[in-house]
Amino acid sequence: MTSSAPASPPAAAAESASAERSVVVLPIDPGLICLRSLSPRRLRFEVEYGLERGTCVNSFLVEAGSGPDGQPLPPVLIHPPGASFAGPWLEALATLVPADAALKVVVGHVNPNRVSLLRQMARRWPALMLVASNPGARLLEELWSQQRPSPPADGGASPPPAASEPPPPLPPIDVVKQEAGRDLAGGHRLTLIPTPTPRWPAMLMAFEERTGLLLSGRFFAAHLCSATFAEATPSSSEEDRRYYYDCLMAPMARQVEAVVDRLDELPIRTIAPGHGPAIASSWRSLLADYRRWGESQGRTGLTVTLLYASAYGNTAAIADALAQGVSRSGVRVESLNCEFAASDQLIAAIRSGDALLIGSPTLGGHAPTPIVSALGTVLAEGDRERPVGVFGSFGWSGEAIDLLESKLRDGGFRFAFEPIRVKFSPDPATLRTLEETGVALGRQLLAERRRSQRRQAAGGLEDNRSNPAIQALGRLVGSLCVVTARKGEGSGALSGAMVASWVSQASFSPPGFTVAVARDRSVESLLHVGDRFALNVLAAGRETGPMRQFLQPFPPGADRFAGLDLSDTPGGQPILPDALAWLEAQVVSRMECGDHWLLYAQANQGGLLDASGTTAVHQRRSGASY
């Protein structure tokens with residue numbers, strides 16, 4: 001798999017998107033302010049932004065004042081945003097903090113984007129001091145002098161010459177090695193809680209004791225643009241938080257649960273995550289949701305071990321998309337960042353995984369040292385009977401991916417898919433293909449286990465198929481339909497389709513229906529609340545062609561509509577030429593139902609293509625399968 005997507009949008013588009021970004025100042029308590037950075041448009045192409053509802057980034061400022069003993073205390077900023085919001089955010093902060101202030105900054109999450117902003121802060125506030133966890137301090141020291149590569153202006157194979165001013169000196173760092181308290185001005189007090197995870201080893205949460213405000217960083221977040229400090233109702237951002245969890249938290253569900261257990265002991269009154277509105281009235285329910293969502297991971301008993309390192313976030317974006325796809329198949333993902341994983345943890349994950357994926361960036365023509373070390377461990381400890389996969393991003397070469405592939409092939413490992421090579425950042429189409437690749441791997445593991453179980457059972461009947469209740473369930477009859485969906489425009493447009501037989505009218509006013517969509521269907525990612533799609537009702541006697549088209553196995557990234565003469569609904573959704581009738585609808589709500597999502601959609605337009613035809617129906621003998 002390859003992609004030639006640039007690292008950033010064209011200059012005109014980037015300038016337009018930047019102009020839409022703004023910052024609002026939200027007072028929370030005397031001396032405590034939230035600076036919320038707003039972006040109504042999708043900020044980046046990473047899978048976590050896939051719902052395309054914009055985003056907001058929350059920073060918190062405790063203003064300067066006196067401490068409990070009357071001594072003056074400096075202003076403290078918690079969770080700065082990334083450089084994407086540098087312009088409006090720095091100007092807003094400058095109105096609140098004078099340039100000669102000894103500003104302290106609690107860096108809860110460290111990546112190149114935030115380090116870029118911190119460099120700009122160090123120039124404007126020379127007395128700046130940073131507060132970070134132990135892994136965070138290491139990352140700050142490593143990234144402070146690095147410059148993010150850019151694609152060559154002429155499209156050539158060589159990187160452009162470096163031409164930017166040197167960064168200012170790294171400010172002093174107050175290293176938080178374990179949970180610790182810090183007195184702030186105005187009677188405020190922070191408890192700093194290191195919460196490392198494989199995805200974010202430098203994570204540092206902050207709990208403000210006076211207000212009961214948990215500044216949770218990446219935990220409990222949601223990508224949607226909202227200028228209101230707290231969510232309107234518990235349900236107003238539920239789908240966004242679940243989607244965020246599935247994208248980023250599910251691959252490390254065990255570690256996430258341990259963090260949630262610690263937070264449950266705090267006297268929280270409100271959770272204010274790094275992205276999205278705060279959660280005031282329903283924060284306990286959200287903690288319970290995180291536990292419940294984690295328990296649903298790995299219900300098949302299978303695990304994919306995912307090892308990676310990521311210099312600029314591009315390889316991590318690939319890993320996230322693969323992990324989301326695997327998780328949608330019901331297979332658990334055990335994700336480890338090789339830069340911070342202990343050797344015994346690495347060995348245990350390699351030995352226990354039913355499949356192994358390993359990804360690396362290419363830096364200076366080489367793989368990072370932690371990946372080379374992890375590769376050696378895989379070659380020594382890995383099971384050659386279990387499938388492997390290789391992935392990575394690169395700028396002008398891909399030697400790290402070549403190294404992983406050659407060593408694993410020479411070592412006798414079998415590959416689940418061809419090595420994935422992404423130039424710079426993955427674009428939306430590439431992310432979609434990556435998700436489908438993860439789903440395909442999960443299905444492959446499930447199929448292999450079913451074959452093994454059949455061999456062990458020596459051809460005996462499966463108990464559930466002989467259960468009279470399951471046989472009775474199979475007598476429920478549904479209309480045969482094809483769900484088609486298209487989202488986006490131009491080269492960024494995504495589309496999908498699936499055969500659906502679990503369809504039923506659900507309401508008269510407004511006219512609405514329900515349709516069940518399996519979690520691992522590719523089209524499921526295009527069917528979130530607010531998305532539009534078409535329901536193509538198939539005609540009895542003419543259902544064979546459409547079913548043959550959409551029931552065939554598609555390779556990841558394949559066009560489901562290839563070779564079809566489609567027409568469109570008024571809203572731009574695909575209509576099949578052999579359909580009996582069509583409905584254009586919008587998803588209003590989603591309900592989690594085991595291995596399916598049940599969608600309720602309101603029909604807004606429709607038409608009969610054959611008024612004399614009858615609807616094709618699906619007769620089943622068992623309720624254990626379609």
Side-chain angles (χ1 to χ4, degrees), residues 296 299-300 302 325 327-331 435-436 439-451 453-454 457 461-485 496-506 513-527 533-556 558 560-561 576 578-583 585 587 590-601 614-626:
S296 71
R299 58 186 179 275
T300 63
L302 296 168
S327 297
R328 280 170 49 190
S329 73
V331 174
E435 290 179 40
E436 293 176 2
V439 169
L441 174 58
R443 289 176 176 170
Q444 176 187 333
L445 295 176
L446 291 167
E448 290 176 354
R449 190 176 68 173
R450 283 194 296 269
R451 287 194 293 268
Q453 290 172 339
R454 282 197 294 268
L461 290 175
E462 295 182 32
D463 290 341
N464 62 349
R465 293 183 182 272
S466 61
N467 185 323
I470 295 298
Q471 292 177 344
L473 183 63
R475 297 311 188 265
L476 295 177
V477 176
S479 304
L480 272 173
C481 304
V482 174
V483 170
T484 57
M498 63 166 248
V499 174
S501 59
W502 295 359
V503 181
S504 178
Q505 184 168 347
F513 60 90
T514 61
V515 56
V517 181
R519 285 177 173 275
D520 62 356
R521 298 298 185 205
S522 175
V523 74
E524 184 272 335
S525 64
L526 303 178
L527 300 173
F533 68 95
L535 186 73
N536 296 262
V537 183
L538 300 184
R542 300 202 305 271
E543 70 271 34
T544 304
M547 290 185 68
R548 184 184 297 118
Q549 169 75 19
F550 296 108
L551 288 178
Q552 65 175 308
F554 288 95
R560 270 66 172 168
F561 301 116
L576 303 183
D578 291 331
L580 172 71
W582 61 270
L583 290 167
V587 180
R590 290 164 47 111
M591 183 172 72
E592 189 174 3
C593 301
D595 54 4
H596 282 66
W597 286 101
L598 184 65
L599 313 182
Y600 170 66
T614 57
T615 303
V617 296
H618 187 206
Q619 302 281 354
R620 296 182 298 157
R621 288 187 171 275
S622 169
S625 66
Y626 296 119

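One-based numbering along the sequence shown.
Side-chain atoms of Glu448 do not come within 3.5 Å of backbone N or O of Leu445 as any donor-acceptor pair.
When every heavy atom of Val523 is checked against every heavy atom of Gly496, the shortest pair comes out as CG2-C, 3.6 Å. When all heavy atoms of Ala601 and Ala585 are compared, the pair lying nearest together is CB-CB, 3.9 Å. Taking both residues in full, the closest heavy atoms of Arg560 and Ser522 are given as NH2-CB, 3.6 Å, listed atom of the first, atom of the second, then distance. Taking both residues in full, the closest heavy atoms of Ser622 and Ile470 are given as OG-CG2, 3.5 Å, listed atom of the first, atom of the second, then distance.
The OG1 atom of Thr514 sits 14.0 Å away from atom CZ of Arg590, with the distance rounded to the nearest 0.5 Å. The distance from atom CG of Leu302 to atom CG of Leu446, rounded to the nearest 0.5 Å, is 5.5 Å. Residue Phe513 holds its CZ atom at 5.5 Å from CG of Leu583, rounded to the nearest 0.5 Å. Between the OG1 atom in Thr614 and the CG atom in Leu580 there is a gap of 7.5 Å [rounded to 0.5 Å]. Put simply, CG on Asp520 and CE on Met498 are 10.0 Å apart, with the number rounded to the nearest 0.5 Å. If you take CD on Glu435 and CZ on Arg328, they are separated by 5.5 Å, rounding to the nearest 0.5 Å.
Inter-residue side-chain proximity for Leu527 and Val515 is flagged as unmet; no heavy-atom pair is nearer than 4.5 Å. Residues Phe533 and Val587 form a side-chain contact, since some pair of their non-hydrogen atoms from C-beta on lies under 4.5 Å apart. Residues Leu576 and Phe550 form a side-chain contact, since some pair of their non-hydrogen atoms from C-beta on lies under 4.5 Å apart. Between Arg620 and Ser501, the closest side-chain pair of non-hydrogen atoms is not below 4.5 Å. Using a 4.5 Å heavy-atom threshold, the side chains of Glu543 and His618 count as separate.
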Report the C-alpha separation of Met547 and Leu538 in whole Å, then their side-chain angles, then the decisive distance to 0.1 Å, and conclude whether the side chain to side chain contact (heavy atoms under 4.5 Å, CB included) test is met.
CA-CA 9 Å; Met547 290 185 68; Leu538 300 184; 4.1 Å; yes
Would Val503 and Leu535 count as a side chain to side chain contact (heavy atoms under 4.5 Å, CB included) if you check the C-alpha gap in whole Å, the side-chain angles of each, and the deciding distance to 0.1 Å?
CA-CA 10 Å; Val503 181; Leu535 186 73; 3.8 Å; yes
Donor-acceptor pairs are to be reported for all side-chain atoms of residues 472-482 against protein atoms at under 3.5 Å, with residues two or more places apart or in another chain.
| from | atom 1 | to | atom 2 | distance (Å) |
| --- | --- | --- | --- | --- |
| Arg475 | NH1 | Gln471 | O | 3.1 |
| Arg475 | NH1 | Arg621 | O | 2.8 |

Got a list of side-chain donor-acceptor pairs under 3.5 Å for residues 591-599, not counting sequence neighbours?
| from | atom 1 | to | atom 2 | distance (Å) |
| --- | --- | --- | --- | --- |
| Glu592 | OE1 | Arg242 | NH1 | 2.6 |
| Glu592 | OE2 | Arg242 | NH1 | 3.3 |
| Glu592 | OE2 | Arg242 | NH2 | 3.2 |
| Glu592 | OE2 | Arg519 | NH2 | 2.2 |
| His596 | NE2 | Tyr626 | OH | 2.4 |

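Remark: Gln505 pairs with Phe508 by the side chain to side chain contact (heavy atoms under 4.5 Å, CB included) rule, at least two apart or across chains.
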